[in-house]
Amino acid sequence: MRTLVVAAVLAGLAVPVGAEGRLAGYAGAEGRLAVPAGTEGRLAGFVALRDVDPGIGEDMRYAGARNFTGAVVDGYAEPVCLLARPAAEALRRAQRELLRGGYALKVYDCYRPQRAVDRFVRWAGEPDDPAAKAEYYPEVDKGRLIPEGYIAAKSAHSRGSTVDVTLVALPARREVDMGTPFDFFGPASHTDSPEVALAARANRRLLERALGAQGFVNLPEEWWHFTLRPEAFPDTAFDVPVSVAAVRP
């Protein structure tokens, strides 16, 4: 059964996951593999965010080298934000409200294929890159990133309703001060961290209020991480590579 699950993932199929994030296709003797028909290479029910609201900025970090791995991450064929349609439409509503106050949204990551999550796990076991450590995890030993929950074998991003996002100030579209950079592994990234300046805490609250009003729930350990509830695909981790073609007929 494990072989079948791995084959399904490598083929770019959607594989259901259990309540604890395990692949449901390998859940013990009673488990079974259930792969939705016609999913290879496509993400039915997903859209490109730019088609819903082209005014939301996109800085897709894992589609380039500006991330903690230092390279394009497996599964990111194009620098485009893909989301389940309800999540994209909720972002559009939040954007409209923020524009009235002189702000806009910018996303760093959206749907994330399971193969990218797997790459993060492998990276956590590789030797340190001093430059990456200085920028992304200066206070945490790399060997502790998985035990302390900064890197995990499963991600809500793979279900398509989770987004990593920040605020920009208009009209220059300059990122506002959030106290830490995106993907900073440390307590200062906790949304309510007292370690950051008051202005940054206020900006975090503004982002949380704007998205919360549209049904997004923040992950307390990461100020940038929000999941729309209820999720469109709460039990499915997808592994289709990120590209516009994945959401087009």
Side-chain angles (χ1 to χ4, degrees), residues 1-28 31 33 59-79 82 107-160 162-164 180-191 193 219-227 235-243:
M1 182 64 75
R2 184 187 300 272
T3 301
L4 291 176
V5 173
V6 173
V9 171
L10 291 177
L13 300 173
V15 183
V17 297
E20 298 179 1
R22 297 177 307 229
L23 286 173
Y26 186 68
L33 178 63
D59 180 8
M60 309 307 294
R61 295 292 181 87
Y62 303 135
R66 191 183 173 191
N67 62 72
F68 55 83
T69 74
V72 175
V73 177
D74 297 355
Y76 286 84
E78 295 176 10
L82 307 181
V107 297
Y108 297 120
D109 193 36
C110 301
Y111 158 69
R112 181 185 305 166
Q114 180 60 43
R115 69 191 70 188
V117 180
D118 296 342
R119 172 65 187 117
F120 293 163
V121 172
R122 294 195 304 274
W123 169 85
E126 296 171 357
D128 262 328
D129 175 341
K133 179 171 179 57
E135 182 172 359
Y136 294 102
Y137 54 103
E139 302 169 357
V140 182
D141 184 89
K142 192 174 185 181
R144 299 297 304 166
L145 292 178
I146 290 178
E148 295 186 15
Y150 294 107
I151 300 291
K154 300 299 169 193
S155 171
H157 282 276
S158 300
R159 302 194 295 268
T162 295
V163 62
D164 292 338
T180 73
F182 165 62
D183 262 354
F184 182 83
F185 301 143
S189 288
H190 294 187
T191 306
S193 173
L219 180 68
E221 291 78 19
E222 297 177 351
W223 60 258
W224 56 81
H225 181 115
F226 292 84
T227 299
D235 301 315
T236 305
F238 294 90
D239 193 43
V240 177
V242 176
S243 71

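Along the sequence shown, the residues carry numbers beginning at 1.
- Every residue two or more places apart in sequence or in another chain was checked for a side-chain hydrogen bond (donor to acceptor under 3.5 Å, both in side chains) with Y150, and none qualifies.
- Under the side-chain hydrogen bond (donor to acceptor under 3.5 Å, both in side chains) criterion, T191 pairs with N218, not counting sequence neighbours.
- Closest approach of D118 and A153 over heavy atoms only: OD1-O, 4.4 Å.
- Residues forming a side-chain hydrogen bond (donor to acceptor under 3.5 Å, both in side chains) with N67 (at least two apart in sequence, or on another chain): T69.
- Of the inter-residue distances, the one linking R159 atom CZ with T236 atom OG1 reads 9.5 Å to the nearest 0.5 angstrom.
- Here the CG atom belonging to L82 is positioned 9.5 Å from the OH atom belonging to Y76, to the nearest 0.5 angstrom.
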- Query: When you look at I151 and F68, which way does the side chain to side chain contact (heavy atoms under 4.5 Å, CB included) test go after all the steps?
  - Reply: CA-CA 11 Å; I151 300 291; F68 55 83; 4.1 Å; yes
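- Heavy atoms of other residues, nucleotides or ligands lying less than 6.0 angstrom from CZ of R122 number more than 12.
- Scored by the side-chain contact (heavy atoms from CB on, under 4.5 Å) test, P220 finds no partners at all (sequence neighbours excluded).
- Distance alone, capped at 3.5 Å, is enough to place a donor-acceptor pair between the K133 side chain and the V140 backbone.
- The two residues V107 and V163 come nearest to each other via the heavy atoms CG1-CG2, 3.5 Å.
- Rounding to the nearest 0.5 Å places CZ of R112 at 12.5 Å from CG of D239.
- For the atom pair CZ of R115 and CZ of F120, the computed distance is 13.5 Å after rounding to the nearest 0.5 Å.
- Y137 is linked by a ring pair (Phe, Tyr, Trp, His ring centres under 6.0 Å) to W123, counting only residues two or more places apart in sequence or in another chain.
- A donor-acceptor contact shorter than 3.5 Å is absent between the side chain of H225 and the backbone of D164.
- A donor-acceptor pair is defined here as one N or O able to donate and one able to accept, closer than 3.5 Å; such a pair exists between the side chain of S189 and the backbone of F184.
- Between P147 and G143 the shortest heavy-atom distance is CD-O, 3.4 Å.
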- Item | Residues D59, R66; criterion side chain to side chain contact (heavy atoms under 4.5 Å, CB included); working and verdict | CA-CA 10 Å; D59 180 8; R66 191 183 173 191; 4.0 Å; yes
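- Listed by chain and residue number, nothing satisfies the salt bridge (charged side-chain N to carboxylate O under 4.0 Å, His left out) test with D183 (two or more places apart in sequence, or in another chain).
- The salt bridge (charged side-chain N to carboxylate O under 4.0 Å, His left out) test applied to E221 returns no partner, not counting sequence neighbours.
- The ring pair (Phe, Tyr, Trp, His ring centres under 6.0 Å) test applied to F182 returns Y108, W224, not counting sequence neighbours.
- With sequence neighbours excluded, the residues forming a side-chain hydrogen bond (donor to acceptor under 3.5 Å, both in side chains) with T227 are T162, listed by chain and number.
- Side-chain atoms of D129 come within 3.5 Å of backbone N or O of A131 as a donor-acceptor pair.
- Remark: Y111 pairs with F46 by the ring pair (Phe, Tyr, Trp, His ring centres under 6.0 Å) rule, at least two apart or across chains.
- With sequence neighbours excluded, the residues satisfying salt bridge (charged side-chain N to carboxylate O under 4.0 Å, His left out) with E126 are R119.
- The two residues S158 and P113 make their nearest non-hydrogen contact at OG-C, 3.9 Å.
- With 3.5 Å as the limit, one finds no donor-acceptor pair spanning the side chains of S193 and W223.
- Residue pairs that meet the salt bridge (Lys or Arg N to Asp or Glu O under 4.0 Å) test with at least one member in residues 140-152, sequence neighbours left out, are R144-E148.
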